[in-house]
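Before any comments, here is the structure.
Chain naming here is simple, since letters A, B, ... match the order of the sequence lines and numbering starts at 1 in each. None of these values were measured; they are calculated from a predicted model.
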Amino acid sequence: GAGVSQSPRYKVAKRGQDVALRCDPISGHVSLFWYQQALGQGPEFLTYFQNEAQLDKSGLPSDRFFAERPEGSVSTLKIQRTQQEDSAVYLCASSQGPSRAETQYFGPGTRLLVL
Amino acid sequence: KQEVTQIPAALSVPEGENLVLNCSFTDSAIYNLQWFRQDPGKGLTSLLLIQSSQREQTSGRLNASLDKSSGRSTLYIAASQPGDSATYLCAALDSNYQLIWGAGTKLIIKP
């Protein structure tokens, strides 16, 4: 596709519910990143994939957060037993090569509200 | 631990003015410094990327500088236009290859 797409764009969940957020990176991009952005703050790194390999998950805030990219293209971020503090915008980005120093292209984000 | 700060948090200027946005970082061990623009509902757009060995980068009316020794970067916008209104974020790629972000400067250009 022309750019990074994310779905859904908005998600309202009840506390304790599981959610799954999808990211479609730019076709052929090797690297994929997930970020969490709280209101009024800059994004915070969650995890990084190179193709299907999850090489860095040091930013995942708890074991309730899980990400996968099984075929090296589409990625899913799953949050189990959602809590109110999980409310944020979840951003996905991709870059062309394996270097983490390249320009990243961002999707529009998924805004998650946990009630 | 790397920390990135952007001041001011918000800025409002009349159209046509030149302006400077500031970004500071605490650890000079960075691979690059990037400036992004964030528009509501449209995600983040990369504006300029300055490698650690570089001093500045230019794109159109935008010029970004980097001074690693002082832990500072500036984004200069010339002849501002209402379409420049957005939140501008800087991010430093740290020694762990993670982007560490500032909270952004919300810029409003008044027609």
Side-chain angles (χ1 to χ4, degrees), chain A residues 1-10 21 23-26 29-50 53-61 88-111, chain B residues 1-10 21-26 29-54 57 59 62 64 66 73 75 86-106:
Chain A
V4 179
S5 60
Q6 293 185 246
S7 61
R9 293 292 309 277
Y10 304 92
L21 312 180
C23 172
D24 285 79
I26 294 173
H29 275 198
V30 169
S31 297
L32 185 144
F33 306 80
W34 283 99
Y35 296 88
Q36 179 189 60
Q37 185 175 24
L39 189 64
Q41 301 297 315
E44 292 195 359
F45 170 79
L46 293 177
T47 188
Y48 161 68
F49 289 86
Q50 187 180 111
Q54 188 176 20
L55 299 185
D56 186 351
K57 55 181 181 179
S58 62
L60 296 177
V89 176
Y90 291 85
L91 296 166
C92 175
S94 68
S95 61
Q96 187 170 15
S99 169
R100 294 177 67 169
E102 295 181 21
T103 296
Q104 297 179 26
Y105 298 88
F106 283 79
T110 293
R111 185 177 297 275
Chain B
K1 179 184 175 184
Q2 178 73 271
E3 293 182 2
V4 178
T5 304
Q6 292 186 249
I7 295 173
L21 305 180
N22 297 297
C23 172
S24 61
F25 47 96
T26 55
I30 62 171
Y31 288 103
N32 62 46
L33 191 291
Q34 303 181 39
W35 283 92
F36 292 82
R37 168 181 174 146
Q38 187 167 35
D39 294 277
K42 293 187 179 180
L44 288 148
T45 301
S46 178
L47 297 173
L48 290 164
L49 186 157
I50 313 174
Q51 301 291 354
S52 61
S53 58
Q54 297 175 322
Q57 281 287 333
S59 175
L62 306 180
L66 175 63
S73 177
L75 179 66
T87 297
Y88 290 81
L89 295 105
C90 68
L93 190 66
D94 75 1
S95 55
N96 294 315
Y97 283 101
Q98 291 184 8
L99 275 177
I100 308 300
W101 298 76
T105 294
K106 184 174 183 178

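Only the side chain of B:Q38 has a heavy atom closer than 4.5 Å to any heavy atom of chain A. B:Y97 touches chain A through backbone and side chain together, each having a heavy atom under 4.5 Å away. Heavy atoms of A:R111 lying under 4.5 Å from chain B are absent altogether. Heavy-atom distances place the side chain of A:Q37, and not its backbone, under 4.5 Å from chain B. Heavy-atom distances place no part of A:Y48 under 4.5 Å from chain B, backbone and side chain included.
Put simply, of A:S99, A:G40, A:G42, A:A38, the one with the most heavy-atom pairs under 4.5 Å next to chain B is A:G42. No other option in B:L99, B:N96, B:I100 has as many heavy-atom pairs under 4.5 Å with chain A as B:L99.
The CD atom of A:E102 lies 10.5 Å from the CG atom of B:N32; values are rounded to the nearest 0.5 Å.
Against chain B, the residues from residues 88-96 of chain A that qualify, each with a non-hydrogen atom under 4.5 angstrom away, are A:L91 in number order. Taking 4.5 Å as the heavy-atom cut-off, the residues of residues 44-54 of chain B that approach chain A are B:L44, B:S46, B:L49, ordered by number.
Under the salt bridge (charged side-chain N to carboxylate O under 4.0 Å, His left out) criterion, A:D24 pairs with A:R22, sequence neighbours left out. Shown here are the ring-ring contact (aromatic ring centres under 6.0 Å, His included) partners of B:F36, two or more places apart in sequence or in another chain: A:F106, B:W101.
Around CD of A:Q54, the count of heavy atoms belonging to other residues, nucleotides or ligands within 6.0 Å exceeds 12.
For A:P43 against B:L89, the heavy-atom pair with the smallest separation is CD-CD2, 3.9 Å.
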